[in-house]
Amino acid sequence: SSCSLAWVLLAAPLTAQQNLLVDVPPTDDITAPPGFKVERIHTAPVAEQGSWVAMTLDNKGRMITADQYGGLYRFTLPSLAEKQVGQVEKLDTLGIGGVHGLLYVNNSLYVMVNERAENRFGEGKSGLHRLRDTDGDDKFDQAELVREMAGSGEHGPHSLVLGPDRQTIYYGNGNNTAAPVNLEKHVPVAWGEDLLAPRMWPPVGNGRGILAPAGYVGRTDLEGRVHELVAIGLRNSYRIAFDPNGELFTYDSDTENETGMPWYLPTRINHVTSGADYGWRSGSGRWPTQYPDSLPAILDVGPGSPTGLLMGTGAKFPAKYQHALFSADWTYGTLYAVHLVPDGASFRALKEEFIWGRPLPLTDLLINPQDGALYFTVGGRRTDSALYRVTYTGPESTAPVPYPAPTPAAQLRRELEALHDDAPNPEVIAKAWPYLSNPDRYIRWAARVAIERQPVQLWAANTFAETQPQAVIESHVALARLGDRSLQSRLITSLMRQDISKMSADLQFQFVRAWGLLFTRMGMPSP
């Protein structure tokens, strides 16, 4: 999560001996839409059960929760007729602690260790670990470090989610987290700061000295053999979530101490596509969303601290909420229902304040497939925790409603994303090149990434032969990023042939960015 509340309430970071006292609100202090019922089914005093920031269900349908600065807890969820959780068991995790992300799959509990000081296993290394019960006694007896990811704290390693193929684990890490040690693959290529003007670093706070790739989404197989970066340029997204079509989303944080600066961007919902760069660069280096070499948000939410995120799939809710992206804000105690509207190859989105309370420091979300209820936790930063259950008791139907199929544009984008491979193949260039002039930004992006992953000598000549203005910009951006400095003179001559007076304002902005990349990547031109 981001750290807005700390800027408002705290003069210094919390130490291990300090608690931020936030009363756990009763349900009559929580507001929900008509027909929805919110029940508090467990209160977890921080001194006894820690401060909960993550949860998952195990293979027996039991809930496992994680204390931000401690261990893991397990219990059985009550039936809808019951009002309280029963006995809560603290698990023996073989020294693993300080977990921000949990995922139970294939008889393994994957944990994303964040707080290194709380982790006594694997030399205290943060990153992806796995716990297993190998003898069937319902206790973990084997632990392993799957892959180290250097970073800790509230901008460190965060989330875990199972991919659509159920054979891949996706993870989202904050901007203070280095890429996985010995990274084998990456979809984005040749990332850089790409700042033509001098940067003003943030005077304080997270981000000072941080360079690209910054916050990122990665993935690995269930054995953790191969790790791959999927998207970069995020600030600090705590959770990631897939929709039923396999589209990935995140809720990224703002930089609250830059509020009012020209480069400030609010918290936002991002559609995470293959090879994407969302343009977060520290301080004044934050890229404008119009840059052709970054992708925009699909929704600006506003100030806040993003935490939990999940699709409403499986909830026994009215249809529009089954298809909503539920997005939690810790600082302002609000759970948004974000309604996704297909828009070409991506989405636009509308937000609804679904549940809110004062205070309601939301940390994580989960839908229980057994009862169709939505569960959320509050806590974090050594505050008392609680578990709430949200059910629908109104008159509307809660029967499952099929999720809309991908649009033709989205299908085309995914066909192009399937070309994001390292293997040299001129056919990739032939297929992708015509889409550099497509009016849809996400299709152009997928096409350019496919081309950039091919050897430059296979497509450089296409750049100089291109005449369509949008494709000229996209191809010159690609060649500026991947080409040798010896090509700069030809690129300058090629760009000078373009008539900027005939371009739209948006195209002019992109055109100027293409010029800028010629200098940030290839240096000052000759006289």
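All residue numbers refer to positions in the sequence shown, counting from 1. Fair warning: this is a prediction, and the values are worked out from it, not measured in the lab.
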- Go through R225 and E223 one step at a time and tell me if the salt bridge (Lys or Arg N to Asp or Glu O under 4.0 Å) criterion holds. CA-CA 6 Å; R225 290 179 293 246; E223 297 301 320; 5.0 Å; no
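- Electrostatic pairing of R235 and D252 does not count as a salt bridge here, judged by no charged N lying under 4.0 Å from a carboxylate O.
- Note: I443 CD1 to R448 CZ = 14.5 Å, rounded to the nearest 0.5 Å.
- The distance between the ring centers of H42 and Y375 does not fall below 6.0 angstrom.
- With rounding to the nearest 0.5 angstrom, the CG atom of N114 is 11.0 Å from the OG atom of S159.
- Put simply, CG on L517 and CG on D293 are 5.0 Å apart, with the number rounded to the nearest 0.5 Å.
- Relative orientation of the F354 and Y321 rings is tilted, given thresholds of 30° and 60° on the angle between their planes.
- In the displayed structure, R132 atom CZ is contacted under 6.0 Å by more than 12 heavy atoms of other residues, nucleotides or ligands.
- Shown here is R199, whose CZ atom has more than 12 heavy atoms of other residues, nucleotides or ligands within 6.0 Å.
- Identified under the ring-ring contact (aromatic ring centres under 6.0 Å, His included) test for residues 256-280, with sequence neighbours left out: F249-H271, H271-F347, H271-Y442.
- Ring pair F242/Y170 is perpendicular by interplanar angle, where above 60° counts as perpendicular and below 30° as parallel.
- Salt-bridge check for R521 with D194: passed, with a basic side-chain N closer than 4.0 Å to an acidic carboxylate O.
- Using a 4.0 Å cut-off between charged nitrogen and carboxylate oxygen, D421 and R453 do not count as a salt-bridge pair.
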- Query: Hey, mind stepping through E353 and D329 against side chain to side chain contact (heavy atoms under 4.5 Å, CB included) and telling me if it holds?
  - Reply: CA-CA 11 Å; E353 293 181 352; D329 174 15; over 6 Å; no
- W52 vs F75, ring pair (Phe, Tyr, Trp, His ring centres under 6.0 Å): CA-CA, chis, key distance, verdict: CA-CA 13 Å; W52 293 355; F75 52 89; 5.7 Å; yes
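- Using a 4.5 Å cut-off on side-chain heavy atoms (C-beta onward), H129 and N119 make contact.
- By the salt bridge (charged side-chain N to carboxylate O under 4.0 Å, His left out) test, K139 pairs with no residue at all, sequence neighbours left out.
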- Does the pair L340 and I298 meet the rule for a side chain to side chain contact (heavy atoms under 4.5 Å, CB included), with working shown? CA-CA 9 Å; L340 302 169; I298 61 171; 3.8 Å; yes
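- A salt bridge links E247 to R413: one of the charged nitrogens lies within less than 4.0 Å of a carboxylate oxygen.
- Sorted by first and then second residue, the pairs that involve residues 163-187 and meet salt bridge (charged side-chain N to carboxylate O under 4.0 Å, His left out), not counting sequence neighbours, are R147-E184.
- How far CH2 of W445 is from CD of E474: 8.5 Å, rounded to the nearest 0.5 Å.
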